[in-house]
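Accompanying notes for the structure given below.
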Amino acid sequence: MIEGLAVGRIAHYTLSEGDVPKRPSAVGTDVPAIVVAVWDKESGCANLQVFMDGTNSTGDVTASNMYWATSRKFSEAPTPGCWHWPERV
């Protein structure tokens with residue numbers, strides 16, 4: 001069970017190749033996200049609203065600064081296409 005997983009929590013989402021096809025250099029970059037739906041608390045499967053850094057993330061001037069990442073799994077460590085809790089600072 002993923003402790004603390006709930007709608008409204010802030011997470012980090014690690015960009016995958018499919019998320020940023022015009023900016024391969026952004027793959028593996030962590031960006032902020034908000035959990036908007038929880039599908040499975042055991043695996044951490046959730047929908048996220050991801051906040052992109054404009055063309056720095058997407059490489060596309062016509063792309064939205066928001067990205068809808070659906071049914072994404074939790075990973076303890078940053079893994080492309082997955083979300084994780086922000087590191088403590």
Side-chain angles (χ1 to χ4, degrees):
M1 178 175 226
I2 308 304
E3 188 161 335
L5 178 56
V7 171
R9 288 289 307 268
I10 294 175
H12 280 176
Y13 176 73
T14 307
L15 296 172
S16 71
E17 190 174 326
D19 300 324
V20 287
K22 294 185 177 184
R23 182 61 58 109
S25 62
V27 172
T29 301
D30 284 346
V31 291
I34 294 180
V35 176
V36 295
V38 175
W39 299 118
D40 182 15
K41 284 192 174 192
E42 292 298 318
S43 70
C45 185
N47 285 357
L48 308 167
Q49 276 290 304
V50 178
F51 295 85
M52 304 293 256
D53 186 19
T55 58
N56 291 328
S57 295
T58 65
D60 185 351
V61 296
T62 64
S64 169
N65 287 326
M66 296 290 291
Y67 176 68
W68 185 255
T70 57
S71 301
R72 302 304 168 119
K73 294 183 180 177
F74 173 80
S75 177
E76 288 284 340
T79 303
C82 296
W83 69 271
H84 59 94
W85 294 124
E87 295 79 12
R88 301 240 180 220
V89 291

Inset, instruction - Check whether any side-chain heavy atom of Asp30 sits under 4.5 Å from a side-chain heavy atom of Glu87, and report yes or no. - result: yes

Inset, instruction - Rounded to the nearest 0.5 Å, what's the gap from CD on Gln49 to OH on Tyr13? Could you check? - result: 12.0 Å

Legend entry - Side-chain touch Tyr67/Val31, heavy atoms, less than 4.5 angstrom: no

Inset, instruction - Specify the closest pair of heavy atoms between Ala26 and Val20, including all atoms of both residues, with the distance to one decimal. - result: CB-CG2, 4.1 Å

Inset, instruction - Kindly compute the distance separating CD (Glu3) from NZ (Lys41), expressed to the nearest 0.5 Å. - result: 10.5 Å

Legend entry - Asn47 versus Thr70, side-chain donor and acceptor atoms under 3.5 Å: no

Inset, instruction - Give the ring-plane orientation class for His12 versus His84, where under 30° counts as parallel, over 60° as perpendicular and anything between as tilted. - result: perpendicular

Inset, instruction - Search all heavy atoms of Thr29 against all heavy atoms of Ser25 and return the closest pair with its distance. - result: OG1-O, 4.3 Å

Inset, instruction - Could you please spell out the steps behind the side-chain contact (heavy atoms from CB on, under 4.5 Å) verdict for Arg9 and Trp85? - result: CA-CA 9 Å; Arg9 288 289 307 268; Trp85 294 124; 3.8 Å; yes

Inset, instruction - Can you see which heavy atom on Ser43 is nearest to which on Ile2, and at what distance? - result: C-CG1, 4.0 Å

Inset, instruction - Over all heavy atoms of both residues, which pair between Glu76 and Phe74 is shortest? Give the atoms and the distance, please. - result: OE2-CE2, 3.6 Å

Inset, instruction - Could you tell me which non-hydrogen atom of Ala46 sits nearest to which non-hydrogen atom of Trp83, and how far apart they are? - result: CB-NE1, 4.2 Å

Legend entry - Candidate pair Val50 and Trp68, rule side-chain contact (heavy atoms from CB on, under 4.5 Å), full reasoning: CA-CA 6 Å; Val50 178; Trp68 185 255; over 6 Å; no

Inset, instruction - Flag the pair Asp19 and Arg72 as a salt bridge only when some basic side-chain nitrogen lies within less than 4.0 angstrom of an acidic carboxylate oxygen. - result: yes

Legend entry - Glu42 versus Met1, closest heavy-atom pair with distance: OE1-N, 3.4 Å

Inset, instruction - Determine whether Leu48 and Val36 make a side-chain contact, defined as any pair of heavy atoms from C-beta on separated by less than 4.5 Å. - result: no

Inset, instruction - Determine, step by step, whether Val27 and Leu15 satisfy the side-chain contact (heavy atoms from CB on, under 4.5 Å) criterion, reporting the C-alpha distance in whole Å, the side-chain angles of both residues, the deciding distance to 0.1 Å, and the verdict. - result: CA-CA 5 Å; Val27 172; Leu15 296 172; 5.7 Å; no

